[in-house]
Amino acid sequence: MNLDKARHLENILRENDNNGIAIAITGSWGVGKTFFWKKFLEKNARSEQERNFLPYSIKRKFPNFFDKKYAYISLFGIENLADLKTAICSNLSSNHFKEEVTPDIEIPLFVKKGLAKISTVNFSKNGFSGSVRLLDALLFLQVQDAIICFDDFERMSNKLDIKDVMGLANQLKLEKNCQVILILDEDKAEGDNKKKYAEYKEKLIDEEIKITSVEPLIRANAKDIEESLVGLMVKFADELEIHNFRFFQKVIKLYKAFRKQLSEEVADSTKEIILIRVLQCYFISDFGEKYEFQWENIKLVLEDKQINWSERKTKTYEALRAISYNFIHSDAWLTEFKKRFDQVGELDFSLLKELANSDLISEKNNKSKDDFHKCCEDFWGLKVDKKFPDNFYEKTRLVIGLENLSNLSFALKVLEIFNKDVTVLEQEIIDWINEEMEKDTSQFRINEGSGEIRVVFKDFIKNFEFNKEKLPQLKDAIFKIYIKQAWNNKDELSVQKANKEDWEKILFDEVSRDSRFDSINSSYIVKKILEREKGSDLGKQISNWITEIYNEKAKEDKFYKNYMSFLISRLDN
């Protein structure tokens, strides 16, 4: 915990009140090292100010330490040792956190800054270079028994040698009796600087405080977010070892943007699923490749299906599942959030509002889904007893219409492991599929990212009966879906029901004779169709048919051979 580290740091500094010491505050980039130091210094400095009003007998037991002279130096932009010394002097002040600084014998601040500016002017042409060096020396004389903090080692100029910085820090420690704080990420140092730091570390650094958790930064920037959600972000950071606050800064900002679009009365469970989706999307966007977790992995996968996974992928999946089952199951929320990150279109806030106030996201149904996921978790965690099959059966019944087919298929498979008869439950799911497909056939488009779905459900969807005579012509459906982008369920079904012969007529006959396609050629239509259906079974089927049609055309006449070969090569691209 950072609180323990703060106490440890305070003890080190107080024990070395009259001794020079060098302390390194280390940690990964973005973990909050500078935040930790500034909060630590501010808290202790203000505590000492408050103790000044206590009786002398009490103050004597707790002598002040943090009212020393103090300078915070960012190494960013400093290009030589002389400028670094000047920066120390011009930033040095007494009791940094007092509103009214008590005058002492040090050089006044306005004089220091004036001298610092003079020292940057090149007077060598007029013979004044010796005078400038004298001014620098005068400024540096006042640096004694102070707290000096060096930060931004990772952003240090190539012109400034880390050997000079560490040498100066050592001088401040040994000759100036200063308490020197170095804030850095050792792993970010490059080339010779990394080697030189390692050499100086043994000679210079007396103590090291390693910051490993981004929790304080999350909490400081999410004070207006519910504690349970802040805890979720902290758990996410710990389980996945993501300790870069810049990631969570984006998450917090986008979560708040979504919340503003919804009513204040939105259910707590809805707030949680919004945060989970934001975390999930940024995680895939920023770390998906490194952690081997992509959109298609958002599904329940049994252990026997994970045998070919890498250790990294398995660890990521299990970590996400341990945080919340919502990380490994998709829903309507995920579809909308994914749009933003895939840049398919503008996020539909009206749909989010509708979802937030619908039965789908009601507290009652969210409770049913939580109970269902808890049963799944008990199964994975070997916490099942003889009551589990009957209990899980009932929990599954309650989430028909709330969970996707992949999760329901998983539940049926688990129940069958315990020899539970699932015939009735399976039929109830089919009845729900039938009801939903009557309203919208696109609800159950099976593709590779759909997870493992029971064969009986796939067959029912594939063989779903619909009066084909009432469907629009294929060319009309194609125009509305892929060109105009305004269609209904029957248009979708018309494309799904089309066969190879239908597509051949479209490519070589109907498009060329329809005025709506005057400025659009057949190849462009194929491109738009395959782009939209990419990765789906329908897209693969259409691509295969078109390939066969082109090949057959090539065999009709040698004239078409190279032409069709070229068009086929474009299909894969």
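Counting from 1, the numbers follow the sequence of the chain as shown. No hydrogens, no waters, no symmetry mates; every other heavy atom, side chains included, goes into these values.
- Among all heavy-atom pairs drawn from Cys89 and Val143, the shortest one is SG-CG2, 3.9 Å.
- When only modelled atom types and interatomic distance are considered, Asn297 and Tyr317 share no side-chain donor-acceptor pair under 3.5 Å.
- At distances below 3.5 Å, at least one donor-acceptor pair connects side-chain atoms of Asn80 with backbone N or O atoms of Asp83.
- Closest non-hydrogen pair, Met233 versus Ala222, comes out as CE-CB, 4.2 Å.
- In this structure, Lys173 contributes its side chain and Leu204 its backbone to a donor-acceptor pair below 3.5 Å.
- Rounding to the nearest 0.5 Å places CD1 of Ile73 at 10.5 Å from CG of Asp151.
- Note that the CD atom of Glu292 and the OG1 atom of Thr316 stand 7.0 Å from one another [nearest 0.5 Å].
- Lys383 places no side-chain N or O within 3.5 Å of a backbone atom of Cys375 that could act as its donor or acceptor partner.
- Put simply, the side chain of Ile25 does not reach to within 4.5 Å of the side chain of Phe40, judged on heavy atoms.
- To the nearest 0.5 Å, the span separating CD1 on Ile211 from CG on Asp185 amounts to 12.5 Å.
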Mind running ring pair (Phe, Tyr, Trp, His ring centres under 6.0 Å) on Phe327 and Phe283 for me, showing each step along the way? CA-CA 11 Å; Phe327 279 107; Phe283 175 68; 8.2 Å; no
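- Here Arg7 pairs with Asp4 in a salt bridge; the nearest charged N to carboxylate O distance falls below 4.0 Å.
- The aromatic rings of Tyr70 and Trp37 lie tilted to each other, with the angle between the two planes from 30° to 60°.
- One N or O on the side chain of Gln179 and one on the backbone of Asn19 form a donor-acceptor pair closer than 3.5 Å.
- Contact annotation: the side chain of Val251 never approaches that of Phe236 to less than 4.5 Å [non-hydrogen atoms, C-beta and beyond].
- Between Asp164 and Leu81, the shortest heavy-atom distance links the atoms O-CD1, 3.8 Å.
- Atom OG1 of Thr34 is separated from atom CG of Leu184 by 10.5 Å, given to the nearest 0.5 angstrom.
- The shortest heavy-atom contact between Ile298 and Ile284 is CD1-CD1, 3.9 Å.
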Intermediate values then yes/no, side-chain contact (heavy atoms from CB on, under 4.5 Å), Ile242 and Tyr291: CA-CA 11 Å; Ile242 296 176; Tyr291 283 78; 3.7 Å; yes
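- Residue-environment remark: NZ (Lys256) exceeds the threshold of 12 foreign heavy atoms within 6.0 Å.
- Here the CD1 atom belonging to Ile21 is positioned 11.5 Å from the CD1 atom belonging to Ile147, to the nearest 0.5 angstrom.
- Sequence neighbours left out, the pairs with a member in residues 313-329 that pass salt bridge (Lys or Arg N to Asp or Glu O under 4.0 Å) are Glu318-Arg321.
- Side-chain contact between Phe372 and Tyr325: absent, with no pair of heavy atoms (C-beta onward) separated by less than 4.5 Å.
- Between Phe245 and Phe35, the gap from one ring centroid to the other reaches at least 6.0 Å.
- Nearest heavy atoms, Trp29 versus Arg246: CH2-CD, 3.2 Å.
- In this structure a side-chain-to-backbone donor-acceptor pair under 3.5 Å is missing from Tyr282 to Phe247.
- When the options Asp238, Leu232, Leu279 are evaluated for a side-chain contact (heavy atoms from CB on, under 4.5 Å) with Ile323, the one that passes is Leu232.
- The local environment of NZ in Lys250 is crowded, with over 12 non-hydrogen atoms from other residues, nucleotides or ligands closer than 6.0 Å.
- Ser285 places no side-chain N or O within donor-acceptor distance of the main-chain N or O of Cys281, the cut-off being under 3.5 Å.
- Surrounding CD of Glu531 are more than 12 heavy atoms belonging to other residues, nucleotides or ligands, all under 6.0 Å away.
- If you take CG on Asp145 and CG on Leu172, they are separated by 12.0 Å, rounding to the nearest 0.5 Å.
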Verdict with reasoning, Asn170 to Lys203, per side-chain contact (heavy atoms from CB on, under 4.5 Å): CA-CA 9 Å; Asn170 200 41; Lys203 301 174 185 177; over 6 Å; no
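- With sequence neighbours left out, Phe293 forms a ring-ring contact (aromatic ring centres under 6.0 Å, His included) with no residue at all.
- Heavy atoms from other residues, nucleotides or ligands lying under 6.0 Å from CD of Glu241 number 12 at most.
- Residues Phe150 and Ala169 come closest through the heavy atom pair CE1-CB, 4.2 Å.
- Counting only N and O atoms by type, the side chains of Glu272 and Ser228 include no donor and acceptor under 3.5 Å apart.
- Asp370 and Lys367 are not joined by a salt bridge, as no carboxylate oxygen comes within less than 4.0 angstrom of a charged side-chain nitrogen.
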So Lys271 and Asp268, side-chain contact (heavy atoms from CB on, under 4.5 Å) or not? Walk me through it. CA-CA 5 Å; Lys271 296 174 188 175; Asp268 289 341; 3.6 Å; yes
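- Counting only N and O atoms by type, the side chains of Arg277 and Gln280 include a donor and acceptor under 3.5 Å apart.
- With a 4.5 Å cut-off on side-chain heavy atoms, Val399 and Asn407 do not count as touching.
- Under the 4.0 Å criterion applied to side-chain N and carboxylate O atoms, Glu227 and Arg219 are assigned as salt-bridge partners.
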Given the rule in the side-chain contact (heavy atoms from CB on, under 4.5 Å) test, do Ile209 and Phe36 qualify, once you have shown the distances and angles that lead to the verdict? CA-CA 10 Å; Ile209 305 292; Phe36 166 81; 4.2 Å; yes
